[in-house]
Amino acid sequence: MKLRCVFILLIFAFKSFLALAQTEQKTSIVFHPMFGNSILTPNNLFYSLGNNGDSIQIETFKFYISAIELLKDDKIVWKEENSFHLINVADEKSLTIFIPGASNTVYNTISFNLGIDSLINVSGAMGGDLDPTKGMYWTWQSGYVNLKLEGRSNLCKSRNNEFQFHLGGYQYPFNTLQKVILKVEENKKIDIVLDIKNFIESIDLSQQNQIMSPNKQAVLLSEKAVGIFSVK
Amino acid sequence: MKKAVVLFSIACFVSFAFVIGTQTLFYIPKNWPAPQYNFSKNPLSEAKIELGRKLFYDPILSRNGSISCASCHSQYTAFTHVDHALSHGIDDRVGTRNSPALMNLAWHNTFMWDGAINQLDMQALAPISHPDEMGESIANVVAKLKHSTAYPKLFFTAFNDSIITGEHTLKAISQFLLTLVTANSKYDSVMRKLSYFTVQQNSGYRLFQKNCSSCHIEPLFTNLQFENNGLPVDTTLNDFGRMKVTLNKNDSLKFKVPSLRNIEFSYPYMHDGRFKRLSDVLNYYTSGVQYSNTLSPQLKNKIKLTSNEKVDIIAFLLTLTDKEFLFNTNFSFPRTK
């Protein structure tokens, strides 16, 4: 009898341990920066571009994601409060977002905004990841930079072959905010691949190497930037 | 007794006030519209206002410690930069516009001549970062403040947090700017029936209401909008104003309508400071306005004024001077008590 009790207790303990382990697993979103099949690191590594022997180096790749929501069959089951995250490929820590509040929900879809919405853009000084000291706020014209991608490529006809894409703008007709919706495996930790290869190859770097303000080009590239995200 | 009368009159003409002891730090003058600034996100406190004031006067905000906000916004001239058509900043570099006067900012929701800034908190980022103004970055300003001896304590007193952030730095500067309320000119006392215009000032006021007040709306003396007032383009600057921000050709040559309060001291006039005297401005409005597609509709009918009428209007404009504002020691360089 006594032995049976201990056995049952043990089963319970094991079950709750399993549940705990699972909880830990499914309560984070992890971003995996890639360039095609290679892992993307913002340093001096060269990545080859197209089939003509051209190459590219990435120095900066950072962006905001906001309004994270989890859905089950198109119904919102969880949303993050004050959901603003600056993801910086050069900052390993920023690549994981913990969402412990979502541990007890059942979901199969994640949705978030790429960028900062217009309300926050007109609400004055913000703290945390939104603090203007993070270098993602335009100083000469109010507004957040939603995405920064900087580097060099032999294709760029600019000084030092540099390119700089600062995508932002919250006002019509140059609203650059994008919604990203991804199907995920039910209740698993969410691994999101950030593959910028197709995105970069869709830009004619020989013609275009700079976007620094809200305009039509910024909107077009922001729409394409949605394609950077996929689920592992 | 005298003090009691002063306090009583303040109480009468103030519908909302932020009072500490006997000091009124911010107030909404009677019959004024509601402010645009959202005070709930940055509640005023004496410590924050004082911190903002210290920052406003501190050249630590510039790259080499040579330029403070007050360099281009001096109190005695309604917080603008007189004597220079185009304001100059770090290393004597000259900008492309005349620095705007800083007054009644709580009632504005766009800033700069072209409205490029959408909220008061974010305004200071522009001069701090501009290579011709302070040539610095907010991240580096925060780093310098952190290493200073005085500021960590002041931030702690103000925000209950000794870790200095960009957010708190900008909010403190806003707090000081919000206190810069000017509403005690002769014009204001006439409106409150405490004083009378002279015959000439009165004639000027009537002419002003007829010819100028559709853009320079009382009591702020601006409609807070962007208008093309018909100035010919200065081809050395090619400044098309608001269009640079919106990329909309309908905004070509539009600039924000400036308030006329304290205009006696805020010369030179216009976005590029092209006119030194008020008489130049009035002569321009009667004979210099150039037609273009975006010309303000209010100026499509020519303004006609005799020279005597112009003199009367100037007499009225001088009643917008608020000496209490220009010499208020709460707004001046913070000397240690």
Side-chain angles (χ1 to χ4, degrees), chain A residues 60 62 64 82 84 86 88 90-91 94 115-146 148 150 164 166-177 210-222, chain B residues 36-42 52 95-96 109-112 114-146 159 161 163-175 177-178 242 244-248:
Chain A
T60 308
K62 42 187 187 175
Y64 278 113
N82 289 318
F84 306 102
L86 178 58
N88 180 356
D91 174 11
S94 76
I116 301 298
D117 69 25
S118 58
L119 179 67
I120 293 296
N121 265 291
V122 298
S123 297
M126 301 281 162
D129 275 2
L130 295 174
D131 195 295
T133 53
K134 302 283 178 189
M136 293 291 277
Y137 195 89
W138 273 312
T139 58
W140 44 273
Q141 178 172 343
S142 298
Y144 282 95
V145 180
N146 291 334
K148 259 188 193 183
E150 300 174 343
Q164 287 178 309
H166 296 180
L167 308 182
Y170 64 93
Q171 269 174 316
Y172 178 84
F174 306 123
N175 190 346
T176 51
L177 187 76
Q210 233 180 35
I211 295 179
M212 310 283 273
S213 59
N215 56 34
K216 216 168 147 182
Q217 292 307 314
V219 176
L220 285 175
L221 273 196
S222 297
Chain B
Q36 299 279 339
Y37 191 81
N38 185 351
F39 287 90
S40 71
K41 292 210 167 135
N42 188 16
T96 60
N109 60 2
T110 57
F111 301 87
M112 296 293 201
D114 55 11
I117 308 298
N118 65 21
Q119 211 271 4
L120 184 60
D121 298 350
M122 308 328 261
Q123 167 60 39
L125 287 174
I128 287 171
S129 315
H130 198 290
D132 295 334
E133 296 180 44
M134 289 169 153
E136 185 52 287
S137 73
I138 185 69
N140 206 39
V141 166
V142 167
K144 285 192 286 185
L145 294 175
K146 279 179 178 168
F159 291 99
D161 186 353
I163 297 171
I164 299 173
T165 63
E167 180 193 10
H168 287 167
T169 305
L170 296 173
K171 282 187 166 169
I173 295 172
S174 279
Q175 295 237 340
L177 296 178
L178 288 164
R242 180 89 178 138
K244 192 180 162 224
V245 175
T246 62
L247 307 184
N248 183 342

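Just so it is clear, the model here is predicted, and its values are computed rather than measured. In what follows, chains are A, B, ... by sequence order, proteins preceding strands, each numbered from 1.
- When heavy atoms are compared at a cutoff of 4.5 Å, A/Tyr172 does not approach chain B at all.
- Annotation: side chain of A/Tyr170 is not in contact with side chain of A/Ile116 (no heavy-atom distance under 4.5 Å).
- Residue contact with chain A, scored on non-hydrogen atoms closer than 4.5 Å, involves the side chain of B/Val142 exclusively.
- Here B/Leu125 is the residue among B/Leu125, B/Thr169, B/Leu170, B/Leu120 with the most heavy-atom pairs under 4.5 Å with chain A.
- Listed here is the closest heavy atom pair of B/Phe111 and B/Gln123: CB-OE1, 3.1 Å.
- Side chains of B/Gln175 and B/Asn42 form a contact here, defined as non-hydrogen atoms less than 4.5 Å apart.
- Listed options A/Gly135, A/Pro132, A/Gly128, A/Ser142 were ranked by heavy-atom pairs under 4.5 angstrom with chain B; first place goes to A/Ser142.
- Ranked by heavy-atom pairs under 4.5 Å with chain A, the list B/Ala139, B/Ala124, B/Ser137 is led by B/Ala139.
- Counting heavy atoms from C-beta on, the side chains of B/Arg242 and B/Val245 come closer than 4.5 Å.
- Ring-plane geometry between B/His168 and B/Phe159 is classed as parallel, the angle between the planes falling under 30 degrees on a 0 to 90 degree scale with a further cut at 60.
- The aromatic rings of A/Trp138 and A/Trp140 sit tilted, their planes meeting at an angle between 30° and 60°.
- B/Thr246 touches chain A through its backbone: at least one of N, CA, C or O sits under 4.5 Å from a heavy atom, while the side chain does not.
- At a 4.5 Å heavy-atom cutoff, the contact between B/Asn118 and chain A is made by backbone and side-chain atoms alike.
- For chain B, the nearby part of A/Pro214 is the backbone; its heavy atoms alone come within less than 4.5 Å.
- Using a 4.5 Å cut-off between heavy atoms, A/Ser123 touches chain B through backbone and side chain atoms alike.
- With hydrogens and angles ignored, the 3.5 Å screen pairs no side-chain donor or acceptor of A/Asn88 with any backbone N or O of A/Lys62.
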